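Please read all numbers here as calculations on a predicted model, not as lab measurements.
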Amino acid sequence: MKKEKGKSEESLMPAERKPRNQNLTVPNALSVLRIIIVPFFAWFFLKENLVAAVGLLALSGLSDMFDGMIARRFNQITELGKMLDPFADKLTQGVVALCLAIKFPAICPVLLIFIVKELAMLCCAIILLKKKKRPCAAMWYGKVATVMFYLSVSVIVIMDGFFQVKTLVFDVVSNILLLLTAVMMLYSAFKYFQIFREILHSDDEKYELDLPDEIRAKTVREKTRRNK
């Protein structure tokens, strides 16, 4: 009887909460969505299905805008997200710029600036990771450069594919947009380099990073333990 009573009491006890992967967040899902969109955009653009290409680019731009807002609003900022978000941005920008360079040679200077900027930022991030320091998260000027890039690309594609704008007007508008985008890219690169130098020479604990531990999926129990 005692054993049966013990069993019945155990069965009435609430089951232990199943660990949940803290990296499974809406912002991270949106970043993954942007990565998935990239090859489909390239396919539709090169096949001259501009309606589908522009639609996918708009969807990618909106997801980029909302993932940061959601992460901050609902406290869903993760180390994985800090890496996925810029990776999705750079992959999208690189592929879109390459597709445009094939169709519009005028974009080649901006593409060159983009490639140099991203390679420099990648090298800086690798250096910080080797030093066990936390790379900088996306800043407002980086986001503005991204929005300007999307805007410039969309306007160029719409002018050429939908309205067949006259050559002179097309060249003037596209060159102005590309020049402004290039200036913003250079400005953001300069600001990010300043932050890189600050992190590299800082002894502040907030910049310390143990990458294997950070990337590892966190569970609810681990999070509760740390809060205690």
- Query: How would you list all residue pairs meeting salt bridge (Lys or Arg N to Asp or Glu O under 4.0 Å) that involve residues 166-190, not counting sequence neighbours?
  - Reply: none

- What about V183 and W140, same hydrophobic cluster or not, with Ile/Leu/Val/Met/Phe/Trp/Tyr joined at side-chain heavy-atom distances under 4.5 Å? no

- Evaluate side chain to side chain contact (heavy atoms under 4.5 Å, CB included) for K90 paired with K117, printing each intermediate quantity in order. CA-CA 10 Å; K90 305 326 175 197; K117 169 181 171 284; 4.1 Å; yes

- Please list, chain by chain and in numerical order, all residues satisfying side-chain contact (heavy atoms from CB on, under 4.5 Å) with I156, sequence neighbours excluded. F104, F170, S174, L178

- Task: Check whether I70 and V147 end up in the same hydrophobic cluster, where Ile, Leu, Val, Met, Phe, Trp and Tyr are linked by side-chain heavy atoms less than 4.5 Å apart.
- Result: no

- Apply side-chain contact (heavy atoms from CB on, under 4.5 Å) to L59 and list each qualifying residue two or more places apart in sequence or on a separate chain. I37

- Query: Residues two or more places apart in sequence or in another chain: which of them pass side-chain contact (heavy atoms from CB on, under 4.5 Å) with A42?
  - Reply: V95, C99

- Does K133 use its side chain to pair, donor to acceptor, with the backbone of S202 at less than 3.5 Å? yes

- Query: Who pairs with T92 by side chain to side chain donor-acceptor pair (under 3.5 Å), at least two apart in sequence or on another chain?
  - Reply: none

- Item | Atom pair OG1 (T181) and CD (Q93), whose distance is rounded to the nearest 0.5 Å | 10.0 Å

- Identify, with sequence neighbours excluded, every residue that meets ring-ring contact (aromatic ring centres under 6.0 Å, His included) alongside F149. none

List the atom pairs, with distances to 0.1 Å, where a side-chain N or O of residues 184-195 and a protein N or O form a donor-acceptor pair under 3.5 Å, not counting sequence neighbours.
from, atom 1, to, atom 2, distance (Å)
S188, OG, M184, O, 3.3
S188, OG, M185, O, 2.8
Y192, OH, M139, N, 2.9

- Query: Taking S152 as the fixed residue, which of L177, I176, L180 is the one that meets the side chain to side chain contact (heavy atoms under 4.5 Å, CB included) rule?
  - Reply: L177

- Task: Mind checking side-chain contact (heavy atoms from CB on, under 4.5 Å) for V116 and listing every partner two or more places apart, or none if nothing turns up?
- Result: L112

- Query: Which residue pairs pass the salt bridge (Lys or Arg N to Asp or Glu O under 4.0 Å) test with at least one member in residues 135-150, sequence neighbours excluded?
  - Reply: D64-K143, D85-K143, D89-K143

- Separation between CG of L84 and CG of L30, rounded to the nearest 0.5 Å: 11.0 Å

- Out of curiosity, does L100 fall in the hydrophobic cluster containing L179 (side-chain heavy atoms, cut-off under 4.5 Å, transitive links)? no

- Interatomic distance, D67 atom CG to L62 atom CG [nearest 0.5 angstrom]: 11.0 Å

- Message: Distance check, rounded to the nearest 0.5 Å: R197 atom CZ versus C124 atom SG?
- Response: 11.0 Å

- Message: Who clusters with L122? Use side-chain heavy atoms, under 4.5 angstrom, across I, L, V, M, F, W and Y, and order the result by chain and number.
- Response: I126

- Message: Strictly by ring pair (Phe, Tyr, Trp, His ring centres under 6.0 Å), give each pair with a member in residues 26-49 just once, sequence neighbours left out.
- Response: F41-F45

- Message: Working to the nearest 0.5 angstrom, can you tell me the gap between S60 OG and I36 CD1?
- Response: 11.5 Å

- Atom CZ of R34 and atom CG of L91: how far apart are they, to the nearest 0.5 Å? 10.0 Å

